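Within every chain, numbering begins at 1; the chains are lettered A, B, ... in the order of the sequence lines, protein sequences first and strands thereafter. Please read all numbers here as calculations on a predicted model, not as lab measurements.
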Amino acid sequence: MQIDFIAILPEIILTVTALLVLAADLALRGDAKQFVNPLAGLGTVAAIIATVALWGSERVTFGTMYVVDDFAVLFKLLFLGTLLAILAISWRYIAEHRFFQGEYYFLLLTSFIGMLLMPSSRDLIMLFIALETVSVPAFVMVGMRKRDLYSSESALKFFLLGVLAAALMLFGMSMVYGFAGTTDLVGIAAAISGETASVPLLLGSVMLVLVGFGFKISAVPFHFWAPDTYSGAPMPVAAMLAVASKAAGFAGLVVVAFIAFEPVADVWGPMLGVLAVLTMTVGNLIALQQRDLIRLLAYSSVAQAGYILIPFGLARTGPGAAVVNAAAIEAVVFYLIAYAVMNVGAFAVAIAVERRTGLRSIADYAGLSGRSPLLAMGMTVFLLSLGGAPLTVGLWAKFAILEAIAVDITLFGIVLAGFLVVNSVIAFFYYLKVVRTVWMDEAPAGLPQLQPGFNLSAVVVVLMVGTLVLGVLPGLVTDFSSVISIVAAG
Amino acid sequence: MAIGYYFIVSALLFSIGLIGVLLRRNAIVLFMCIELMLNSVNLTLAAAARMWGGPDGQVFVFFVIVVAAAEAVVGLALIVNLYFRRGTLDVDVPQLLRW
């Protein structure tokens, strides 16, 4: 079998970097250990270059298991960009807190290798391996602060629920294989559409597979791990789980839902739509009551997952479905890009505030505007964007979802749009509460000026500029007519 | 012998595992129940591979076994670490995190 090494070059580069990081950690001593961070950064930049070179081409390798098209390349760039930002915000944080640095960066890179595999997978086995490669290092990273009871408990909780979700998904996959006789996603679609009547058992298996991804994207009712895990984990890991791992879950969900299970979209579409409504409503209502900023961001990220699930609720099958599904995928991809920019930014500010002082409740953000105007500006922009305020990319992300609904207006679509609007208003309450604390409240006496350091400042500035520039010129990233090529395959 | 019986056995195994996860409260036993579920998946895959006569299912079984082993390594390490911190493995003991 001929293997197309160009197609898997980004993954190879990241793998080599991960091994180099592990070796460098052995060789370096003491304070020098922190220099594995720029090493990992260099590898990431090299992987980004290798990925950009793949744009516009369509490569298939490992039989038909692995496809690199524009859809996959876009997701890979999203993951690698997030990785670069997370490396930058990790450096000081990880070095100062006496973590096992080499292991941390090795696990981080390994997890991202799994994410790179996800949007390219066209086979159940490949999807399963990619999902587990994302999850297993994340279990360890959450428990990295192993002398801390809180961190250990959240890691165990994340682990048990994660493995349970993986087992449910695997049982679904094994049943789907039993029905279709193949693990190839296109083959499964062909086998399912050959069924004259939809078999309840088959639909049950499809649901089980979707549950596995529902856990990764922390959709209600599989969201219980998210707030505890985010607040127990080291903060860069929480940022990685909230953004990259969630985007990977959505990439896998798009691939498996719109390619393999496209013939039964009439069943899973409404189901995911109901999940979307539940997820955003529950996430927003619980977020209203949070006092800890990380828990607030966790519940807000649950709610955001609900928004991103809306386009899945529009999916359908049969004649004329391709247009609707294409618009849905486009909305998902655009929202994920916007979400990554603004949410990594919010976590970067939270890390800068927490790093020296360990302060993390919302009340501790009082008077941030006086202590560090840059961070206060950043927090304001990111939170307003998460809420969907004008002049930020968050508004266009919500418009993208409404646009997908408007392609073919149905009653269910209108209901979903209604929930989206109402929830956006609810979300503004708690986002604005934080913004008010940052600007209006007096800082407690005796707190020093914040010195975020070069890396953190750079990340905050770049992401803030990104949020605003995309908010004025969303056309810079909305012009992706080619990412929807996977619909035709399904 | 009809292949259907294998599916019934594996569905039973899966249900036993799932019920165990829902009822038992010891972290190790919870993990064992999840492993039982993974093994029922293996049985389904092997039976389905026999039914279809293709290699996909059998290859899948090996990947499931490997991943289950990796998860056991990580999971047992986390469980042991928590036991050293807290001295109990009961997931219901009042704690910092709500279950």
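Of the two parts of B/Phe60, the backbone and the side chain both hold a non-hydrogen atom closer than 4.5 Å to a non-hydrogen atom of chain A. Of the atoms belonging to B/Val61, not a single heavy atom falls under 4.5 Å from chain A. Residue A/Phe139 touches chain B through both its backbone and its side chain, counting heavy-atom pairs closer than 4.5 Å. The contact between A/Leu170 and chain B is made by backbone and side chain atoms together, counting heavy-atom distances below 4.5 Å. Residue B/Ala77: no heavy atom, backbone or side chain, is found under 4.5 Å from chain A. Proximity to chain B is absent for every atom of A/Ala165, based on heavy atoms less than 4.5 angstrom apart. Looking at B/Asn81, only its side chain comes within 4.5 Å of chain A, counting heavy atoms on both sides.
When all heavy atoms of A/Lys216 and A/Ser135 are compared, the pair lying nearest together is NZ-OG, 3.1 Å. In this structure, A/Met118 and A/Gly252 approach most closely via the heavy-atom pair CG-N, 3.6 Å.
Among B/Ile79, B/Ile34, B/Leu38, B/Val59, the residue making the largest number of heavy-atom pairs under 4.5 Å with chain A is B/Ile34. Per-residue counts of heavy-atom pairs under 4.5 Å with chain B were compared for A/Thr133, A/Val163, A/Thr182, A/Val136; the largest is that of A/Val163. Highest contact tally toward chain A, considering only B/Ala48, B/Gly53, B/Cys33, is held by B/Ala48 [criterion: heavy-atom pairs under 4.5 Å]. Highest contact tally toward chain A, considering only B/Gly54, B/Ala70, B/Ala47, B/Ala49, is held by B/Ala49 [criterion: heavy-atom pairs under 4.5 Å]. Here A/Ser152 is the residue among A/Ala166, A/Ser151, A/Ser152 with the most heavy-atom pairs under 4.5 Å with chain B.
In summary, the side chains of A/Asp123 and A/Thr183 do present a donor paired with an acceptor at a separation below 3.5 Å, with no hydrogens or angles considered. Checking B/Tyr6 against B/Thr44 by side-chain atom types alone, no donor-acceptor pair falls below 3.5 Å.
The residues A/Arg360 and A/Asp292 are annotated as salt-bridged, a charged nitrogen and a carboxylate oxygen being separated by less than 4.0 angstrom.
With hydrogens and angles ignored, the 3.5 Å screen pairs a side-chain donor or acceptor of B/Trp52 with a backbone N or O of A/Gly178. Of the possible donor and acceptor atoms, one in the side chain of A/Trp225 sits under 3.5 Å from a partner among the backbone N and O of A/Phe215.
Around the CZ atom of A/Phe179, the shell of radius 6.0 Å holds more than 12 heavy atoms that belong to other residues, nucleotides or ligands.
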